K.L.:
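Before I ask anything, let me first share the structure, which is written out below as structure tokens.
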Amino acid sequence: MSDPTANFTAPHLLDLPPLTAGRFARIEDKVAALIRTHCDVVVMQGEALLPLEACIRSAVRPGSTALNIITGPYGETFGGWLRSCGAEVVTISAPFTGAADPQQVADALRQHPEIDFVSLVHAEAATGNTNPVAEIGSVVREHGALLMLDAVASVGAEPLLTDEWGVDLCVIGGQKAIAGPAGVSVASVSARAWERIGANEQAPRRSYLSLLDWKERWIDGGRTVLPHAPAQLEMLALEQAVDRIDAEGLDSVITRHRAAAAATRAGVRALGGLTPYVVRDEDAAPAATTLRAPEGVDAREVVAAALAVDATVPLQAAAGTLAKEMIRVNHYGRAADRSVAMASVSALAGGLRARGVSVDADAAAVATGEAWDAVIAC
Ligand SMILES: *Cc1c(COP(=O)(O)O)cnc(C)c1O
């Protein structure tokens, strides 16, 4: 009989000492510093949709009027939650070839003075655009509404100045640019937001969606006793992800992401066949680039052919209605790297050729490298 443990190396994810309250609080403090906030942060023990839904359900109630700024698929999801909380929803939609317009936000707030909550996605990994949060934040602050920001795809990829921008509820996850775990996520909560949430009878209480439970059971008690067993492995991974960013320097991590977007956009333009969806460079998300497949060519087939050339590159066909047209290059986290940008553009060249599209792979390689180097040099 074979020994079932014969090929079993010592498990290093098991039998860890318990994660203490002190350690948990220190991890929270590190994340707060990363997102530039002095407000409370709540590390919710689930994927980023958990704090996003928690923020909306906590701050919004029947009688609320919310302005939902839609620049991609997450904004659509927020609209559904807002309505299910009983809010009237005013919607602004920006085409995902560009960014939300602060002037349009100001106009909507003027036309609807009753708006008391604004939801905005900072950067959209799915559609490849990023929004001017500083400008929108200042307009919202002047009006007086609460601002919720989904910064899951921007944290670590571009500047995120939660307090300076007047963001009341800032939600991040670890799974994109900070190259960490997907299973714990963070919401920062301003004093104004706590006031609103505390006064909202409909805000979740004694619920996994509750921000107030964390306040009452954890924050208000001085963060000495954890309310329940934490997701220990995910918490430790989040700490390591933030520590690794601090060791590299947040500025250089951000620069790597900016270089990845610039290199991918330049490479593809020199390649031919594909066009970046996002028209202006300043509206392009540093975390991901979205590309339009050539007329009559299925994006999914280009991606499959490109991955057959090089299975390691971060290429993906879009989900949903855009699946036939849109290719995503997910150059976030460790993939925000010069060699990955070069390999991605080269694999796209191979994928396009395999689908009968003629491309200039040599010019693309030169353009990709030069664009990367130009960002890193300045
Ligand atoms: C990735 C992302 C999330 C998290 O959702 P998943 O699809 O589960 O990764 C939330 N918001 C934005 C803007 C994102 O890009």
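Both ligands and their constituent atoms are indexed starting at 1 by order of listing. Keep in mind that this is a model prediction, so the values were computed, not measured.
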K.L.:
Yes or no on side-chain contact (heavy atoms from CB on, under 4.5 Å) for Asp362 and Val366, after CA distance, side-chain angles and deciding distance?
P.N.:
CA-CA 6 Å; Asp362 293 338; Val366 171; 5.8 Å; no
K.L.:
Is Glu124 in polar range of ligand 1, meaning some N or O pair under 3.5 Å apart?
P.N.:
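Min N/O separation from ligand 1 is not below 3.5 Å for Glu124.
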K.L.:
Flag the pair Asp298 and Lys324 as a salt bridge only when some basic side-chain nitrogen lies within less than 4.0 angstrom of an acidic carboxylate oxygen.
P.N.:
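Looking at Asp298 and Lys324, the cut-off is not met.
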K.L.:
Parallel, tilted or perpendicular, judged at 30° and 60°: which one describes the rings of Trp165 and His122?
P.N.:
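Perpendicular, since the angle between the ring planes exceeds 60°.
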K.L.:
Could you identify the single nearest non-hydrogen protein atom to atom 9 (O) of ligand 1 and state the distance to 0.1 Å?
P.N.:
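Answer, as residue, atom name and distance: Gln175 NE2, 3.3 Å.
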K.L.:
Just to be sure I read this right, does ligand 1 sit under 4.0 Å from the backbone of Lys176, its side chain, both, or neither, counting only heavy atoms?
P.N.:
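Looking at Lys176 and ligand 1, just side chain atoms fall under 4.0 Å.
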K.L.:
May I ask you to decide whether Asp246 forms a salt bridge with Lys30, counting only side-chain N to carboxylate O separations under 4.0 Å?
P.N.:
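Looking at Asp246 and Lys30, the cut-off is not met.
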K.L.:
What residue and atom, counting heavy atoms only, is the protein's closest point to atom 8 (O) of ligand 1, and at what distance?
P.N.:
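Atom 8 (O) of ligand 1 sits closest to the protein heavy atom Glu47 OE2, 2.4 Å.
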K.L.:
Could you measure the distance from the CZ atom of Arg206 to the CG atom of Leu209? Nearest 0.5 Å is fine.
P.N.:
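Those atoms lie 14.0 Å apart.
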K.L.:
Using a 4.0 Å cut-off to any heavy atom of Ala125, which atoms of ligand 1 qualify?
P.N.:
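The atoms of ligand 1 under 4.0 Å from a heavy atom of Ala125 are 15 (O).
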K.L.:
Any ion pair linking Arg269 and Asp281 (charged N to carboxylate O, less than 4.0 Å)?
P.N.:
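The answer is yes: the pair qualifies as a salt bridge.
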K.L.:
Between Trp214 and Trp218, how do the two ring planes meet: parallel, tilted or perpendicular, split at 30° and 60°?
P.N.:
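Taking Trp218 first and then Trp214, their aromatic rings stand perpendicular (interplane angle over 60°).
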K.L.:
Numbering the atoms of ligand 1 from 1, which are under 4.0 Å from a heavy atom of Val121?
P.N.:
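Numbered from 1, ligand 1 contributes 13 (C).
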K.L.:
Quick test of your reading of the structure: of Tyr332, Phe78, Tyr74, whose heavy atom lies closest to atom 3 (C) of ligand 1?
P.N.:
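Of the listed residues, Tyr74 has the closest heavy atom.
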K.L.:
What atoms of ligand 1 come closer than 4.0 angstrom to any heavy atom of Ala153?
P.N.:
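Here the atoms of ligand 1 in question are 15 (O).
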K.L.:
Identify, for atom 11 (N) of ligand 1, the protein heavy atom at the shortest distance, and state residue, atom and that distance.
P.N.:
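Scanning the protein heavy atoms, the shortest distance from atom 11 (N) of ligand 1 goes to Asp150 OD2, 2.6 Å.
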K.L.:
If we set the cut-off at 4.0 Å for heavy atoms, which region of Ala123 has an atom near ligand 1: side chain, backbone, both, or neither?
P.N.:
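Contact part for Ala123 vs ligand 1: backbone (N, CA, C, O).
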